[in-house]
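Here is the structure we will look at.
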Amino acid sequence: MLHALYGKHKLILQKEWFQRDVLQVAPELLGKKLCRQFSDGRIVKVAITEVEAYDGQEDKACHAHRGMTDRNAIMFEPGGCWYVYLCYGVHWLLNITTGEKDYPAAVLIRGIDDCNGPGRLTKHLQVDGLFKNSVADKKSLLWIEDAGPVPEHEIIRSARIGVDYAGEKWASKPYRFNWIKV
DNA sequence: GGAGTGATGACA
DNA sequence: GTCATCACTCCA
């Protein structure tokens, strides 16, 4: 198991931690604490329970598969930034970028403790477009902290949700990771 | 099962 | 400039 790279604040996952293969980062994010500081100063920390990986330009389900656009440009930067976008005109979806510069990849955070659904959790944590392209650190009021590894047998892999448009090859990739607590 | 919702990207 | 599409949620 790869060790987390720690910065000045012992628990906060640093940019370098995200600058690895998205398929390695995604399952390791399970059990980590998604942390949000609200405008009144209150801090909420919740465990991540479900994620999906979107892996580069080859991946037809990835927003970057047709190259760089205004929206997805942040995915081409080194990992560790928030990629936030509005889905169906209603829901903000929260992703963390991964990988090296010029390799577009990100992890969609789909579920946290007591809050399933990528659109629901952003509403719950009051995350919107203001966070897009910001660095995942304490200054941005949204960051991720280490919380120890999740046992491998508690991780379930399956196909990603809502990506049928990508064609069977990519829609069927087991790039979705669920943490099923025993 | 079906509608809402508006930014985004493709194309002209 | 237009137009179709969409990594979803809620209510019936």
Side-chain angles (χ1 to χ4, degrees), chain A residues 13 18-32 34 36 44 46-100 102-136 140 142-144 150 155-180:
Chain A
L13 298 180
F18 297 97
Q19 289 165 15
R20 297 179 289 136
D21 190 312
V22 66
L23 291 174
Q24 200 168 16
V25 172
E28 289 184 24
L29 275 173
L30 296 175
K32 301 279 189 285
L34 180 59
R36 167 77 165 109
V44 169
V46 285
I48 296 170
T49 57
E50 181 180 349
V51 298
E52 281 177 4
Y54 289 86
D55 185 20
Q57 298 198 59
E58 284 229 318
D59 180 358
K60 286 207 170 63
C62 179
H63 282 170
H65 89 271
R66 277 183 304 249
M68 195 188 298
T69 65
D70 284 348
R71 180 174 67 167
N72 67 28
I74 191 65
M75 296 174 81
F76 288 79
E77 294 299 314
C81 293
W82 296 117
Y83 170 48
V84 183
Y85 75 97
L86 191 64
C87 184
Y88 292 97
V90 188
H91 310 288
W92 291 103
L93 267 56
L94 177 64
N95 304 247
I96 183 84
T97 62
T98 69
E100 304 293 324
D102 296 327
Y103 189 92
V107 178
L108 169 65
I109 300 177
R110 292 188 59 89
I112 54 179
D113 263 346
D114 301 320
C115 190
N116 289 321
R120 278 222 203 101
L121 75 89
T122 52
K123 188 177 178 190
H124 186 244
L125 295 177
Q126 297 175 27
V127 171
D128 60 23
L130 294 175
F131 288 89
K132 74 172 72 165
N133 302 356
S134 63
V135 178
S140 73
L142 188 65
W143 67 95
I144 300 177
V150 165
I155 297 177
I156 307 292
R157 292 185 68 153
S158 56
R160 295 173 291 187
I161 302 293
V163 294
D164 286 348
Y165 64 87
E168 196 190 333
K169 175 182 174 184
W170 293 100
S172 63
K173 292 270 184 195
Y175 286 179
R176 177 183 180 214
F177 301 88
N178 276 267
W179 178 24
I180 308 295

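Here is the naming used below: chain letters follow the sequence lines, and residue numbers restart at 1 for every chain. For clarity, every value in this text was computed on a predicted model and none was experimentally measured.
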In whole angstroms, how far is the C1' atom of B/dA10 from the NE2 atom of A/His65?
12 Å

Inspect the contact between A/Glu28 and A/Arg20 and indicate whether a charged nitrogen and a carboxylate oxygen are less than 4.0 angstrom apart.
yes

Could you pick out which residue, A/Tyr88 or A/Lys132, lies toward the 5' side of DNA chain B when each is mapped onto its nearest nucleotide?
A/Tyr88

Could you measure the distance from the CZ atom of A/Arg66 to the CG atom of A/Asn72? Nearest 0.5 Å is fine.
9.5 Å

Chain A contact limits on DNA chain C, taken 5' to 3' with a cut-off of 4.0 angstrom to heavy atoms
C/dC6 to C/dC10

When the side chains of residues 78-93 of chain A are checked against the rest of the protein, which donor-acceptor pairs come out under 3.5 Å, sequence neighbours left out?
{"residue": "A/Trp82", "atom": "NE1", "partner": "A/Leu142", "partner atom": "O", "Å": "3.0"}
{"residue": "A/Tyr83", "atom": "OH", "partner": "A/His63", "partner atom": "ND1", "Å": "2.7"}

When rounded to the nearest 0.5 angstrom, what distance separates CG in A/Asp114 from CZ in A/Arg120?
11.5 Å

NA contact type, A/Arg71, heavy-atom cut-off 4.0 Å: base, sugar-phosphate, or nothing?
sugar-phosphate

Within this structure, what is the NZ-to-P distance between A/Lys123 and B/dG4, rounded to whole angstrom?
18 Å

Ignoring hydrogens, what is the shortest heavy-atom contact between A/Ala53 and A/Ala26? Give both atom names and the distance.
CB-CB, 4.1 Å

Whole-Å distance, A/Asn95 CG to B/dT8 C1', equals 15 Å

Using whole Å, what does the distance between atom P of nucleotide B/dG6 and atom CH2 of A/Trp92 come to?
12 Å

Flag for A/Asp59-A/Tyr175: side-chain donor and acceptor within less than 3.5 Å
no

Dot-bracket, 5' to 3', for DNA chain B please: Watson-Crick or G-U pairs under 3.5 Å, [ ] where pairs cross earlier ones, | where the partner sits on another strand, dots elsewhere.
||||.||||||.

In A/Ile96, A/Asn178, A/Asn95, A/Leu30, the residue satisfying side-chain contact (heavy atoms from CB on, under 4.5 Å) with A/Val51 is A/Leu30

Compare the minimum distances between each of B/dG9, B/dA7, B/dT8 and the side chain of A/Asp70, then state the nucleotide with the smallest one.
B/dG9

Between atom CG in A/Asn72 and atom C1' in B/dA10, what is the gap in whole Å?
14 Å

Atom NE2 of A/His63 to atom C1' of B/dG9: distance rounded to whole Å?
11 Å

Does A/Arg160 qualify as a cation-pi partner of A/Tyr54, given the criterion of NZ or CZ under 6.0 Å from the six-membered ring centre and within 45 degrees of its axis?
yes

I want to check something: taking the side chain as every heavy atom from C-beta on, are A/Val127 and A/Leu121 in contact at a cut-off of under 4.5 Å?
no

